[in-house]
Amino acid sequence: MTSSANDANGVPIALPAIKADRLSKRFGDSLVVQDLSLQVAKGESFGFLGPNGAGKTTSLKMLLGLVTPTAGKAWILGQPIDSLEMKADIGFLPEHCRYHDWLTAEELLDFHGRLYAMTPARRRDRVARTLDFVGLAHRAGDRLRTFSKGMIQRIGLAVALLNEPKVVFLDEPTSGLDPIGRKDFRELIINLRNAGTTVFVNSHILGEVELMCDRVAILDRGKVVAQGKLSDLLAGDQLWEIRIGEGQPTSELEAMLSVRIEVLSKQDSTIIVKVADRQEIPWVARTVVEAGVDLVGLAQKHSNLEDLFVSLVESREEGRPQ
């Protein structure tokens with residue numbers, strides 16, 4: 001795979017910003033990541049999700065070239081993941097930022113600019129612009145030991161953005177932040193995407209991912225169990241809430257409903273069912289009436305990323321190591 005390609009008619013093909021093809025990693029007898037395949041388009045914000053121990057961090061480190069894959073291949077910006085040339089175009093914010101706390105914000109970024117071999121003039125420009133982008137221009141001369149957790153996350157993002165990367169990897173970027181800090185950081189990430197930067201977010205905070213990301217992949221026990229646009233992933237099975245008269249028996253109704261659809265739960269006068277097709281809803285209403293139960297209400301229960309995540313992971317719980 002090269003940095004550019006053409007189709008049969010000579011028209012340039014838009015290569016993905018990130019591509020993994022059957023990427024796997026084994027530590028001893030343990031297969032931590034198995035056949036990871038995904039694509040992230042340029043300028044896209046992509047969420048990478050999974051429960052603890054799913055292999056998210058190992059996958060991220062393989063893409064960054066920090067861990068050598070046991071099998072499979074991956075490319076960033078059309079270059080193999082061991083390419084030094086490619087690494088000049090990526091940024092990385094680790095989950096736990098640790099910096100020399102006696103340095104000022106300006107000194108820290110200047111130091112990293114030297115590592116990038118930037119000229120003094122370019123360092124001054126990039127340090128000023130990056131601090132302004134993350135909202136720390138007014139703290140440029142303050143030592144890091146005076147920074148809050150949220151401000152350390154911001155300075156970490158500034159380090160990741162100093163070289164004007166085309167792709168940024170963020171590992172649990174809002175973990176440990178208070179609600180205001182999460183909101184501010186989320187806005188920064190959205191601004192990055194809107195500016196055309198490809199953003200790869202590894203996170204377990206599902207609500208944040210739902211607000212920030214265009215597409216997601218869900219990893220469980222080292223394998224991708226779902227991948228795609230959120231709107232597409234959430235448009236499958238539909239959850240509906242049936243409200244009936246208080247105190248009315250439901251055993252017969254639940255049995256009748258179970259003939260064609262799945263009854264998920266029953267609590268007080270509310271029954272939650274799952275249907276694969278909206279065309280089933282008139283039948284549901286008729287069935288409630290035929291069962292001799294008062295139908296008080298019937299409404300779609302909008303599923304979200306958390307509902308999808310839980311249903312996918314729980315469906316694979318059998319056989320999960322304890």
Side-chain angles (χ1 to χ4, degrees), residues 45-52 54 56 174-175 177-180 182-183 186-187 189-190 201 203-221 223-320:
S45 182
F46 189 87
F48 196 53
L49 312 172
N52 291 335
K56 300 191 304 298
T174 61
S175 178
L177 299 184
D178 61 27
I180 294 176
R182 289 200 301 271
K183 177 180 178 294
R186 183 173 68 241
E187 290 175 353
I189 295 172
I190 292 173
V201 183
S203 179
H204 70 281
I205 303 178
L206 304 182
E208 295 291 311
V209 171
E210 195 165 9
L211 292 170
M212 292 187 295
C213 297
D214 305 302
R215 292 193 308 122
V216 300
I218 298 177
L219 197 71
D220 187 31
R221 283 180 284 176
K223 299 187 71 173
V224 173
V225 295
Q227 181 177 176
K229 288 184 178 180
L230 279 169
S231 57
D232 293 339
L233 292 175
L234 299 177
D237 292 334
Q238 301 180 56
L239 302 183
W240 286 74
E241 181 179 85
I242 305 169
R243 288 187 292 116
I244 62 176
E246 292 187 12
Q248 295 187 333
T250 63
S251 299
E252 183 178 354
L253 171 59
E254 291 179 56
M256 292 170 67
L257 291 171
S258 298
V259 172
R260 284 175 58 169
I261 62 176
E262 184 177 354
V263 178
L264 297 180
S265 66
K266 163 66 172 68
Q267 184 174 9
D268 299 327
S269 57
T270 300
I271 300 173
I272 305 297
V273 298
K274 181 166 71 172
V275 301
D277 191 331
R278 195 182 184 93
Q279 300 302 318
E280 296 280 12
I281 299 308
W283 175 83
V284 171
R286 290 196 301 271
T287 301
V288 174
V289 174
E290 290 171 3
V293 177
D294 294 335
L295 178 60
V296 177
L298 180 59
Q300 187 172 8
K301 183 178 173 62
H302 294 288
S303 61
N304 54 31
L305 183 56
E306 183 175 0
D307 294 333
L308 175 66
F309 179 89
V310 171
S311 66
L312 287 170
V313 173
E314 285 187 344
S315 69
R316 293 166 50 84
E317 276 296 322
E318 186 176 351
R320 181 184 298 280

Just list the side-chain donor-acceptor pairs under 3.5 Å for residues 247-257, sequence neighbours left out, or say none.
| residue | atom | partner | partner atom | Å |
| --- | --- | --- | --- | --- |
| Gln248 | OE1 | Asp294 | N | 2.9 |
| Gln248 | NE2 | Asp294 | OD2 | 2.7 |
| Thr250 | OG1 | Glu254 | OE2 | 2.9 |

Just how far is it from atom [atom1] of [X] to atom [atom2] of [Y], taken to the nearest 0.5 Å?
X	Y	atom1	atom2	value
Ile261	Thr287	CD1	OG1	7.5 Å
Glu187	Leu211	CD	CG	10.5 Å
Leu298	Ile281	CG	CD1	5.5 Å
Ser203	Ile189	OG	CD1	8.5 Å
Ile272	Ile242	CD1	CD1	8.0 Å

Of all the heavy-atom pairs spanning [X] and [Y], show the shortest one and how long it is.
X	Y	result
Pro51	Asp220	CG-OD1, 3.5 Å
Ala285	Leu295	CB-CD2, 4.1 Å
Ser269	Gly245	CB-O, 4.3 Å

Partners meeting side chain to side chain donor-acceptor pair (under 3.5 Å) with Gln227 (sequence neighbours left out):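 Partners of Gln227 by the side chain to side chain donor-acceptor pair (under 3.5 Å) criterion come out as none, since no residue qualifies.
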Glu241: partners by side chain to side chain donor-acceptor pair (under 3.5 Å), with sequence neighbours left out: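 Expected list: none.
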Check: Val284 and Trp240 side chains under 4.5 Å, non-hydrogen atoms: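 Answer no - side chains too far apart.
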Under 3.5 Å: donor-acceptor pair, side chain of Lys56, backbone of Gly50: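 Yes: the side chain of Lys56 pairs with the backbone of Gly50.
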